[in-house]
Amino acid sequence: MATPDLFAQPEAPGNDKAVKRVAALHKQLHEHAHRYYVLDEPSIPDAEYDKLFRELQALEAAHPELLTPDSPTQRVGGKPLDQFASVRHKVPMLSIRTETDTEPTGAQNFDTRVRKELGLKEGDPPVEYVAELKFDGLAMNLRYENGVLVQAATRGDGEVGEDVTQNMRTVNQIPLKLPADAPQVIEVRGEVYMRRADFEALNERQREKIAKGAKGEKTFVNPRNAAAGGVRQLDPAIAADRKLSFFAYGLGEITPPEQGGPVFETHLQVLLTLKSWGFPVAVQTTTALGAEELVAFHKNIGQQRDALPYDIDGVVYKVNSLALQRQLGFVTREPRWAVAHKYPAQEQLTTVLAIDVQVGRTGKLTPVAKLAPVFVGGVTVTNATLHNEDEARRKDVRVGDTVIVRRAGDVIPEVVSVLVEKRAKDAPQFTMPRKCPVCGSEAVREEGEADYRCTGGLFCGAQRKEAILHYAHRRAVEIEGLGDKLVEQLVDANVIRTLPDLYKLGLTSLASLDRMAEKSAQNLLDALEKSKQTTLPRFIFGLGIRHVGEATAKALAKHFGKLDGIMGVTAEDAPSTERLAEVDDVGPIVAESIHTFFQQPHNREVVEQLRACGVTWEEGEPAERAPQPFTGKTFVITGTLPTLSRDEAKDMVEAAGGKVAGSVSKKTDYVVAGAEAGSKLTKAQELGITVIDEAALLALLAAA
Ligand code: IVH
């Protein structure tokens, strides 16, 4: 039995809980800071990190005894990587207080605090600020001695950073040499970042490398991530390849005036001087008088945010007068004279409740992640498209996953990435259904296409309106007066479910529709009656088979003469894809599409019913099959041909009616031999079979 601890102090109510929570937050924040700052692989969005950070700050404020020097709130960042030399900053690189209230009150709160600290009364004049953009990159200290860039260092933990001089020399926007009027020693601070266009181009190059099978390559989650990775490359050539950019926003160490250094009175003077020395300073930078002008700046930049060529996550306000800045001073490594005022995060964490598959008007199947509602980019998001099977696989989104969703501007929300470490062990991978979720017809993905499509065509509810409009089109079966609006009404009122229902319409069912006078109802019935007498090409075109346009429909009708020739009396005796591909104008993809269409029982049924409703056309005789030049000839292809692959050569021979065999025998007519042809060539020579090369094969085909 445990002895009770007689010296235990009575604890404040709830303290036990707070102790545990603080410990948990320390662990999480340390881990995330390490991933973010050291590994450049954040696993949660910044907004989520900020939330945890603020929770810890609040707990420490409520329980000061729990605030320890090793708390993540007492540090600016993570430890430097081992590989780079360490740089101790002459002037610490401070953090900046973040105003998370994204509403205008965020700016007002800051102004109120500043005025209070400065002892200003209500009637006193407004404080002058400089308003800047808050660039979403990483902080950099550039040290110049005698006008020459001698060192570039990351912020690291604010005291000690990493020496990344080689890499920063590759950034075109960073001057290597300053004009003669620059002081003997000056450290320029600013943000290294990546423009969105450069980021997209980088990811495009990465995707190409991955597609070519390059090992260890990956695409980047966002420009900040890619920029941070670039800064920390040991090989400056790779850093140069990232095409990093830079904006200056402040100073570190500088030669003091008594040693001949410049005298600055305002922050704006500092920025303008930096600009005159060749540093990029954002054009939006401006002065603002009092809270009102800060609010206006926040609003104005917010409207431009998505049009900027780079990411910002907020704006920064700084007291303009350097004397007032000195007077205001610092609280735990954050200046009282500056604040970052955020915008609503464009990325948030949420969970995937389900993955639905939606069917579009053209039969396209789109996987859509159904999300636990989350406020991101200023709206509540519950859906994010996964585009298609390849995208869904690439991102490997699964039901139950914790994901980062992004919504920037008016762009449709998307899943940026999955937090794989949070996934349940047994979460199954998403697979595209092989059946249409609306009508149950087979869903197929054609070669070279990204999308699955429902083959239900005429039968599929999702495609019904489109299918009916297509059938009624002037160049198809032509039903005069059956337009957009009417089809919409008929389908929505469930009067028409499939094409044959058109011919079952009566005066009463039509007249019951909104805005349908008896006269127009009768006109439509007349038009329907008239449409029953059609032609085979119009009817085939009207079926809306994918890839079958008017010209193909005509070619099919001419080639087969009868509809049964095209679709077979039963699905089993329908012509094969190869047979269909013999038709002028019909390639393998079109042939496949026609074949699949008529293999669907629903589609055959619709055709039968249309016929039963009295839709007719004149049938003809099938066209003579053109004599095939290689009919009855057997080929063997061996060795490496100079320009064709063996498969290509095989296709060409078969298209000309020939057969391609795998081994040489007395029945072989030709052996097509390329480089390094082995035993097959020897055998052909033994048997005295004609051996030809690729050029001779092409000549035979051309002559045929
Ligand atoms: S001033 C003492 N100005 O935001 C103030 N920082 O914690 C020092 N940042 O990672 C920072 N844009 O790199 C300042 N216009 C701007 C900024 C800016 C982005 C970054 C900075 C740091 C963080 C502040």
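Since the model is a prediction, treat every value here as computed from it, not as a measurement. We count ligands from 1, going down the list as the structure has it; atoms in each ligand are counted the same way.
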#### Entry: N-O pairing of K342 and E99 below 4.0 Å
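A salt bridge is absent here (no side-chain N lies under 4.0 Å from a carboxylate O).
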
### Query
Between E334 and R97, is the closest basic N to carboxylate O distance under 4.0 Å?
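No salt bridge links R97 with E334.
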
Close-contact set for ligand 1 against [X] heavy atoms, below 4.0 Å:
X: A139; value: 13 (O)
X: S95; value: 7 (O)
X: V316; value: 15 (N), 16 (C), 17 (C)

Could you tell me whether [X] and ligand 1 have an N or O pair separated by under 3.5 Å?
X: I96; value: yes
X: F135; value: yes
X: E132; value: yes

Any non-hydrogen atom of [X] lying under 4.0 Å from ligand 1?
X: K318; answer: yes
X: A338; answer: no
X: L133; answer: yes
X: R155; answer: yes
X: G250; answer: no

#### Entry: Minimum side-chain heavy-atom gap Y193-R195 below 4.5 Å
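The answer is yes; the side chains approach within 4.5 Å.
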
#### Entry: Polar contact flag, side-chain donor to acceptor under 3.5 angstrom, D111-Y129
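Checked: D111/Y129 side chains pair up, N/O donor to acceptor below 3.5 Å.
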
[X]-[Y] aromatic ring centre distance below 6.0 Å:
X: F297; Y: H341; answer: no
X: F279; Y: F247; answer: no
X: F246; Y: Y310; answer: no

### Query
Where on P335 is there a heavy atom closer than 4.0 Å to ligand 1, on the side chain, on the backbone, on both, or on neither?
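Side chain only.
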
### Task
Using atom types as modelled and distance alone, determine if a side-chain donor or acceptor of E55 lies under 3.5 Å from a backbone N or O of K51.
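Between the backbone of K51 and the side chain of E55 there is no qualifying donor-acceptor contact (under 3.5 Å).
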
